[in-house]
J.: 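I have a structure I would like to understand better, so I am pasting it below and will then ask my questions one at a time.
Position 1 is the first residue of the sequence; numbering continues from there.
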Amino acid sequence: MSDDEILSLIREALLYVVPEKAAAVDGVGWDTEIATLGVDSIGLLEASAFIEEKVETTFPDDRLARVEKISDFADLIRDNVAGPVTAAS
C-alpha cells in the first residue's frame with residue numbers, strides 16, 4: 001500500500017467521522033495532529049473501525065491508543081496491512 005493510498009484512506013475515514021471538517025481533512029499532512037480536527041478518542045475508534053473494515057484487519061488497542069498524528073495512524077496501517085485497498089464505495 002503506497003503512502004498516497006494510506007493518506008487517502010485516512011482522509012476518507014476522518015471525513016466519515018467529522019464530515020463538517022471536510023476542508024480541514026482535505027488539507028491534512030503527516031504531521032497533522034488528529035485532535036486539531038475535532039476528533040476525540042471515540043472518533044478515533046470510529047475512524048479506526050472504518051479503516052479496519054476497508055482493509056479487513058484489526059488494529060491492536062495498545063497501538064491505537066498511541067495514535068496522535070496522521071503519521072502515527074499511517075504507521076499503524078502499514079504495520080497491519082499489506083497490498084492494495086479496494087476503492088471507496
J.: Name the one of V55, L9, L76 that satisfies side-chain contact (heavy atoms from CB on, under 4.5 Å) with V81?
T.: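 Exactly one candidate clears the test, V55.
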J.: For A47 versus A13, what's the shortest heavy-atom pair and its separation?
T.: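 Nearest heavy atoms, A47 then A13: O-CB, 3.7 Å.
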J.: Measure the CG-CG distance between L44 and L14 for me, rounded to the nearest 0.5 Å.
T.: 8.5 Å
J.: How many angstroms lie between atom CG of L37 and atom CZ of R11, to the nearest 0.5 angstrom?
T.: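 These two atoms lie 10.5 Å from each other.
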J.: Can you check whether F59 reaches I51 side chain to side chain, under 4.5 Å on heavy atoms?
T.: yes
J.: Do D31 and I70 touch side chain to side chain, with heavy atoms closer than 4.5 Å?
T.: no
J.: Nearest 0.5 angstrom please: E53 CD to S48 OG, how far?
T.: 11.5 Å
J.: State whether the number of non-hydrogen atoms from other residues, nucleotides or ligands found under 6.0 Å of E20 atom CD is greater than 12.
T.: yes
J.: Nearest 0.5 Å, what's the CD1-OG distance between I6 and S71?
T.: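 Here the interatomic distance stands at 11.5 Å.
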J.: Give every residue pair that meets the side chain to side chain donor-acceptor pair (under 3.5 Å) criterion with at least one member in residues 57-69, sequence neighbours excluded.
T.: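 Listed once each, the pairs are R63-D79.
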J.: Nearest heavy-atom pair of G43 and V39: which atoms, and what distance?
T.: C-CG1, 3.6 Å
J.: Hey, are the side chains of R78 and D3 touching, using non-hydrogen atoms and a 4.5 Å cut-off?
T.: yes
J.: State, yes or no, whether a side-chain contact exists between L7 and W30 at a heavy-atom distance under 4.5 Å.
T.: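 In contact.
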J.: From D75 CG over to N80 CG, what is the distance, rounded to the nearest 0.5 angstrom?
T.: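 Result: 11.0 Å between the selected atoms.
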